[in-house]
S.K.: 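I have a structure here, written as structure tokens, and I will follow up with some questions on it.
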Amino acid sequence: MDPECARLLPALCAVLADPRQPVADDTCLEKLLDWFKAVTEAGSSLLLLQENPCLVELLFHVLKPQDLSSRILSFALRLAGTFAAQENCFQYLQQGELLPGLFGEHGPLGAAAWAAPTVRSGWIQGLRSLAQHPSALLFLADSGAVDTIFSLQGDPSLFVASAAGQLLVHVLDLAMRGPAKGHGRLQAQDWPACAQRIVCHLEDCLCSEAAPRVTQALHVLTTAFGHCHGLWTQGLWVQLSPLVARLLEKDPMPAPHALVELLLSVARSSVPSSNPGLWETAAQTLSRLSPMQAGPLAAGILKLQDCPQALRTQAFGVLLRPLACVLEATAQAPGTPGLLEGAAGDPMAVDMLPPSKSACVGLLCSTLAHLELLQPLPQRPSPWPQAPLLAAAVTILRFCNGSAAPSSEVGGRLCAMLVGCVRVQRAALDFLGVLSQGLGPRELVTQVFAVLLEYLMSPDSSPTVLKKAFQATLRWLLSSAVPPGCCDLEPRAQLVLRELLAVLQKRLCSPCWEVRDSGLEFLTQMTRRWGGQAGFRQTLLASEVPKLASQLLQDPESYVRASAVAAAGQLSSQGLLAAPSSPEHPAGPQTPLEELLLVLTTDSEGFPRRAAMRVFTEWLRDGHMAVAEDRERFMARVLQAASGDLDWEVRVQGLELALIFLQQLLGARSPGAAPPGALAQALRALCRVQLFEFAFRSLFDCDRPVAQKSCDLLLFLRAKAAPSSSPQEAGDSPDVAPVEAALQRWRAGEQGQPLGELAPEAVLAVLRSMDLEALRDTLAESSDHVERSPQSLLQDVLAAVGVLGDNEADCY
């Protein structure tokens, strides 16, 4: 321990033990515990207590009857557990009867403080830290702590109850570590007494008629099979699986969700390799649960790497059955493939959909979400029913917009429940977008585009549904390229594209800003993908979309303006944006570059300015025509605006732009120093665009990311300048005094006068004299690395109660 911390420790313990003192908040106590844990992990807890007896005195003081706050009592319990995690320190604390006093029946357990959940939680966490060695097991058994843990499983505080269950698993694992070594899988009757006691408790809970007790046992077992990997877990399942299977015979079945979690936890463990009976239990559970309850179990089974094919088929059938019902409830076109053999014609299968709207909506959304996660997995069911799933997704969307043709009473009920349901629309559109990764019959793909266009054109579509419809449409357009990955669209997609642009033109004029924003994002993505395709260019230029995108640069909503900047940048990169005329600029139409510079220099919000910087960076990297005409003038104007921006992200992006410019001048891909001639030419260009004033000033920026980016830029430049490289004549000494004076002012936080035009020789000399590596290391440290030190923490706690003088505190 640091000597200064050791000096402050007695005063800290005195403050914590004094009920009259206003104690530091919970955050400080947590930080103190973290610090003590780090100290004990790095050395001997016993030595720590012997060198700092005030810590033991604090723990003894807590045992005295007094009005101590529950937070301090909880802190002391956890602190004692941290020290006792090492067996020799545990025995040292046992000698003074300190641990029984803290964790036994005569401690907080029997005091009024036990009513506070904080104290009960501290007691559990203290025991969790303490239970690391065989001596701790004997203590738990003799002190009656195990019985208390059993009772805390039903604690009214969910946090305490959950922690009690986790502690029970930890104690069981600790009890089985020794005996299980080298003995293979032990029989339950051969287990240590503590482990047998816990298993008997779990058996009693599983046999209980009270559902909460059953749930507690299932949660403990789920944690055990999920976190413990010893061979003893196989014996545990052999012992308890008959009781778990017996739960399936009860009506109603207790704790179905907890049972599903347990079965999946066991299935992911080593148990199935030695006990195939698990699969039979899972199959029985699938058949007993309701469709809503069985969905997570079915999806979890299908995600397993190794699982019997019959069970996989059953699980997939459970997932598909709600969609099969949807297909059966509508008048499908002849030849439409069914989802389940026999299920579509089974009246009982159709009637399985829940009668209430909330339950039906929940079932469909969870089914679609499970299938969406399964689709990209390599272990998904094969063959994958792509065509029926497409038909089901389209049908659900048609039910939601009222265009479905129900063929039965169930279909009419579905219409009433799903029409206008935004939740189902979102889930179905997400699933439809994922299905674009597979192929489908031409007629079905035509239906997909048709229903997507219906949603994009419908005035009833909510902004979130429209956004998802745009996303799904883009994914289907991408999958319609001929050949896949090419920029050319097939004829059917070309027709869709024309209709899309007409819809987009309407949506860009929407009174809802979210709709305008989604439309601009879709336009940007389409242009990036198909901006070079002749059919797209012709259709786009014949519409009003580019003009509307430019006009939205003046939108009242900043998010829309940012999206308009991105769209304008992409359109301009592809040569699809004419110079817009604006009533605010009667002098004549402005180029896209001028428009975006205006955004960068005048927009009051940060989002559009950041978007403008991203566009400029992309333009410079890709060699945009407007940049290539006069690259230095472009850089000078953008850097001047970015360097004075109040938004740190804009300044960081300005430095990123400068770094790309520098790399282009010096050749980033060529290793080593740049040729002297190229270096001299590059330095003069950098001085002309005033890059160095921006970079040097940014080294002392109050926002650390800005300073880090500037440091990276200057380090790159220095690496490119060979030690002997200098454009100056031999014998000349560059005048670096103005630059060094400016650096001193900026370091002190003063603004000062601009540097003006710099000589390349002076820049190189200053650059070589700076310790940029040390600055980079300093910037890499967290901004509160000093304030987070243990010494600072102790000073803050003591200063809060007036123990330290003002000058000794470090109250950040």
Side-chain angles (χ1 to χ4, degrees), residues 252-253 256-257 260 285-300 302 314-332 336 338-340 342-375 385 388-435 451 454-455 458 460-462 464-465 468-469 472:
M253 186 191 304
H257 294 295
V260 167
T285 307
L286 280 175
S287 60
R288 280 281 288 116
L289 294 173
S290 71
M292 189 68 180
Q293 295 165 344
L297 178 58
L302 291 170
Q314 181 187 0
F316 199 34
V318 167
L319 278 187
L320 294 180
R321 194 167 290 120
L323 302 188
C325 296
V326 170
L327 287 176
E328 180 66 15
T330 57
Q332 294 292 326
T336 300
L339 264 174
L340 291 172
D346 183 358
M348 294 297 293
V350 176
D351 288 337
M352 66 157 284
L353 289 174
S356 74
K357 177 176 179 178
S358 60
C360 184
V361 166
L363 176 60
L364 287 176
C365 288
S366 64
T367 298
L368 292 169
H370 290 315
L371 290 169
E372 181 184 344
L373 292 175
L374 275 177
Q375 200 277 344
L389 289 174
L390 272 178
V394 169
T395 302
I396 290 173
L397 288 169
R398 292 203 183 282
F399 269 121
C400 290
N401 71 1
S403 64
S407 62
S408 64
E409 181 183 346
V410 175
R413 197 169 75 239
L414 271 176
C415 273
M417 288 192 291
L418 298 185
V419 68
C421 181
V422 172
R423 185 180 168 198
V424 176
Q425 288 172 349
R426 291 200 306 255
L429 286 167
D430 282 339
F431 182 50
L432 192 60
V434 167
L435 289 176
V451 78
E454 287 175 24
Y455 271 81
S458 171
D460 298 325
S461 295
S462 71
T464 53
V465 168
K468 291 190 176 293

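Every value quoted in this text rests on a predicted model; they were computed, and no experiment measured them.
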S.K.: If you take all heavy atoms of Ala329 and Ser408, which pair is closest and at what distance?
M.R.: CA-OG, 3.8 Å
S.K.: Please name the residue in the list Ile396, Leu353, Val419 that meets the side-chain contact (heavy atoms from CB on, under 4.5 Å) test with Leu414.
M.R.: Leu353
S.K.: With distance as the sole test, does Tyr455 use its side chain to make a donor-acceptor pair with the main-chain N or O of Gln425 at under 3.5 Å?
M.R.: no
S.K.: For a 4.5 angstrom cut-off between non-hydrogen side-chain atoms, does Val318 reach Leu289?
M.R.: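 A side-chain contact under 4.5 Å is absent here.
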S.K.: Looking at CG of Leu368 and CZ of Arg426, how far apart are the two atoms once the value is rounded to the nearest 0.5 Å?
M.R.: 12.5 Å
S.K.: Side-chain contact test, heavy atoms from C-beta onward, threshold under 4.5 Å: evaluate it for Pro296 versus His370 and give yes or no.
M.R.: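 Pro296 vs His370: side chains touch.
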S.K.: Nearest heavy-atom pair of Cys400 and Cys421: which atoms, and what distance?
M.R.: SG-O, 4.2 Å
S.K.: Quick one: CZ on Arg288 to CG on Leu297, what's the gap to the nearest 0.5 Å?
M.R.: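 Arg288 atom CZ to Leu297 atom CG measures 13.5 Å (nearest 0.5 Å).
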S.K.: Roughly how far, to the nearest 0.5 Å, is OG1 of Thr367 from CG of Leu320?
M.R.: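 Result: 9.0 Å between the selected atoms.
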S.K.: Could you tell me if the side chain of Leu327 sits less than 4.5 Å from the side chain of Thr395, heavy atoms only?
M.R.: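 Of all side-chain heavy-atom pairs linking Leu327 with Thr395, at least one is under 4.5 Å.
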S.K.: Taking atom CG of Leu432 and atom CD of Glu372, what is their separation to the nearest 0.5 Å?
M.R.: 10.5 Å
S.K.: How close do Ser287 and Gln314 get, counting heavy atoms only, and between which atoms?
M.R.: N-NE2, 3.9 Å
S.K.: List the atom of Pro385, the atom of Pro388, and the distance in Å for their closest heavy-atom pair.
M.R.: O-CD, 3.2 Å
S.K.: Measure across Gly295 and Leu319 and return the closest heavy-atom pair with its distance rounded to 0.1 Å.
M.R.: O-CD2, 3.9 Å
S.K.: Going from CG on Leu371 to CG on Asp430, what distance comes out if it is rounded to the nearest 0.5 angstrom?
M.R.: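 Here the rounded value is 13.0 Å.
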S.K.: Determine whether Met417 and Val361 make a side-chain contact, defined as any pair of heavy atoms from C-beta on separated by less than 4.5 Å.
M.R.: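 A side-chain contact under 4.5 Å is absent here.
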S.K.: Roughly how far, to the nearest 0.5 Å, is the CG atom of Leu323 from the CZ atom of Phe431?
M.R.: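 If we round to the nearest 0.5 Å, Phe431:CZ and Leu323:CG are 6.5 Å apart.
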S.K.: Is any side-chain heavy atom of Ser458 closer than 4.5 Å to one of Asn401?
M.R.: no
S.K.: Which atom names give the shortest non-hydrogen contact between Arg413 and Pro355, and what distance separates them?
M.R.: NE-CA, 4.3 Å
S.K.: Any side-chain heavy-atom pair from Glu454 and Ser403 closer than 4.5 angstrom?
M.R.: yes
S.K.: For residues Met292 and Ser366, determine if any side-chain heavy atom of one lies less than 4.5 Å from a side-chain heavy atom of the other.
M.R.: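 Yes - at least one pair of side-chain heavy atoms lies under 4.5 Å apart.
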